[in-house]
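Data block below; observations after.
Counting convention: from 1, in listed order, for ligands and their atoms alike.
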Amino acid sequence: MSLSSLLWAFWYIVPAYIANASPVLVGGGRPIDGGRTWGDGRRIFGDGKTWRGFIGGVAIGTASGVIQYFLTPDFYCSLETAILLAFLLSFGALFGDLVGSFFKRRANLPRGYPAIGLDQLGFLISALAFAYPVKTLDSGQIIFLLIVSPFVHWGANYFAYRMGWKSVPW
Ligand code: CTP
Ligand code: MG
Ligand code: K
């Protein structure tokens, strides 16, 4: 396990981080569940999961892959691969985030309530699963990302809170 392989793992996952963080800025408007409830009477996803956040996050995360390609073209087979990879990482991240909110609502946790583990790792595991067919990491790199991602997540959320973009620091 070399330092450079860990740095590449970090570089690889950047679109997922960007996709996951973007909805704080671009989200809002109509919720994905349209206000509907599940059989337990609680919201399917809640007001924190909006179409604008999802689509905007996927778009911004995918665009970040283009920038990555031009910065480190040798890391990718082609521009198309870099875009596809960034799209899958971004879509996977926000899909995982949505599934996480589904389970939070089933556990009767209100919107914005922290769920340690799920909030920090759900998006990451989903992103890695979606991107797996295009470009894979080795197990050491995956473990590294599982360890560092909660700190990146907490750091990004604290920054967004201090900037006044969100009302809670998690
Ligand atoms: N957001 C959005 N659409 C998404 C994901 C996030 O609009 N698909 C926005 C919402 O404004 C949300 C904020 O980004 O409040 C922070 O995202 P997150 O922490 O994932 O949502 P929570 O509000 O904490 O909701 P939940 O309890 O369902 O996780
Ligand atoms: Mg939250
Ligand atoms: K979340």
Side-chain angles (χ1 to χ4, degrees), residues 9-68 83-132 137 142-170:
F10 196 84
W11 187 235
Y12 169 100
I13 206 68
V14 158
Y17 289 161
I18 290 178
N20 198 242
S22 301
V24 174
L25 291 175
V26 301
R30 184 176 159 78
I32 294 173
D33 67 12
R36 283 185 293 273
T37 55
W38 190 248
D40 53 15
R42 296 187 281 270
R43 288 285 295 275
I44 302 174
F45 303 119
D47 283 331
K49 304 295 119 147
T50 68
W51 283 112
R52 226 163 64 201
F54 193 97
I55 294 166
V58 171
I60 294 168
T62 304
S64 73
V66 177
I67 297 169
Q68 283 187 303
I83 293 172
L84 177 62
L85 183 64
F87 171 78
L88 291 171
L89 287 167
S90 302
F91 186 89
L94 287 170
F95 178 82
D97 177 59
L98 201 55
V99 171
S101 290
F102 175 81
F103 287 116
K104 285 169 77 172
R105 300 298 89 78
R106 304 290 70 71
N108 204 16
L109 301 177
R111 172 203 176 170
Y113 197 87
I116 304 283
L118 192 60
D119 283 341
Q120 296 78 22
L121 296 178
F123 82 92
L124 174 73
I125 292 166
S126 176
L128 290 172
F130 272 81
Y132 188 81
L137 298 179
I142 291 173
I143 291 166
F144 170 72
L145 291 180
L146 289 171
I147 294 168
V148 298
S149 294
F151 298 102
V152 174
H153 190 269
W154 286 318
N157 279 293
Y158 184 70
F159 177 74
Y161 167 74
R162 289 298 297 264
M163 295 302 285
W165 296 337
K166 60 187 302 209
S167 56
V168 289
W170 50 76

Heavy-atom count around Trp154 CH2 within 6.0 Å, excluding the residue itself: above 12?
-> yes

When you measure from the side chain of Lys49 to the backbone N and O of Gly53, does any donor-acceptor pair fall under 3.5 Å?
-> no

Minimum non-hydrogen distance to atom 4 (C) of ligand 1, winning option of Gly48, Gly56, Gly112, Gly122 | Gly48

Enumerate the atoms of ligand 1 whose separation from the nearest heavy atom of Gly27 is less than 4.0 angstrom.
-> 7 (O)

Could you go step by step and tell me if Val168 and Asn157 meet the side-chain contact (heavy atoms from CB on, under 4.5 Å) rule?
-> CA-CA 8 Å; Val168 289; Asn157 279 293; over 6 Å; no

Does at least one non-hydrogen atom of Gly28 fall below 4.0 angstrom from an atom of ligand 1?
-> yes

Backbone or side-chain N or O of Arg111 under 3.5 Å from ligand 1 N or O | yes

Check the surroundings of atom CZ in Phe102: do more than 12 heavy atoms from other residues, nucleotides or ligands lie under 6.0 Å from it?
-> yes

Would the number of heavy atoms belonging to other residues, nucleotides or ligands and lying under 6.0 Å from CH2 of Trp51 be above 12?
-> no

Going through the distances and angles, do Leu85 and Tyr12 end up as a side-chain contact (heavy atoms from CB on, under 4.5 Å)?
-> CA-CA 9 Å; Leu85 183 64; Tyr12 169 100; 4.1 Å; yes

What do the steps show when you test Asn20 against His153 for side-chain contact (heavy atoms from CB on, under 4.5 Å), and what is the final call?
-> CA-CA 9 Å; Asn20 198 242; His153 190 269; 3.8 Å; yes

Quick one: look up the protein heavy atom nearest atom 7 (O) of ligand 1 and list residue, atom name and how far away it is.
-> Thr50 OG1, 2.6 Å

Shortest protein contact, atom 9 (C) of ligand 1 (heavy atom only) = Pro23 O, 3.5 Å

Those atoms of ligand 1 less than 4.0 Å from some heavy atom in Val24 = 14 (O), 16 (C)

NZ/NE/NH1/NH2 to OD/OE distance under 4.0 Å, Asp119 and Lys104 = yes

Is Lys166 in polar range of ligand 1, meaning some N or O pair under 3.5 Å apart?
-> no

Given Arg105, Lys104, Lys49, which one has a non-hydrogen atom that is nearest to atom 17 (O) of ligand 1?
-> Lys49

Under 4.0 Å to a heavy atom of Ser101 - the qualifying atoms of ligand 1, by number | 26 (P), 28 (O), 29 (O)

Where does Leu94 meet ligand 1, judged by heavy-atom distances below 4.0 Å: at the side chain, the backbone, both, or neither?
-> neither

Are any of the heavy atoms in Arg52 under 4.0 Å away from ligand 1?
-> no

Under 4.0 Å from any heavy atom of Asp97, which atoms of ligand 1 are there?
-> 5 (C), 20 (O)

The N/O/S atom of Asp97 lying closest to the K ion (ligand 3) is OD1

How far apart are the C-alpha atoms of Phe144 and Leu137, what are their side-chain angles, what is the distance that settles it, and do they pass the side-chain contact (heavy atoms from CB on, under 4.5 Å) test?
-> CA-CA 10 Å; Phe144 170 72; Leu137 298 179; over 6 Å; no

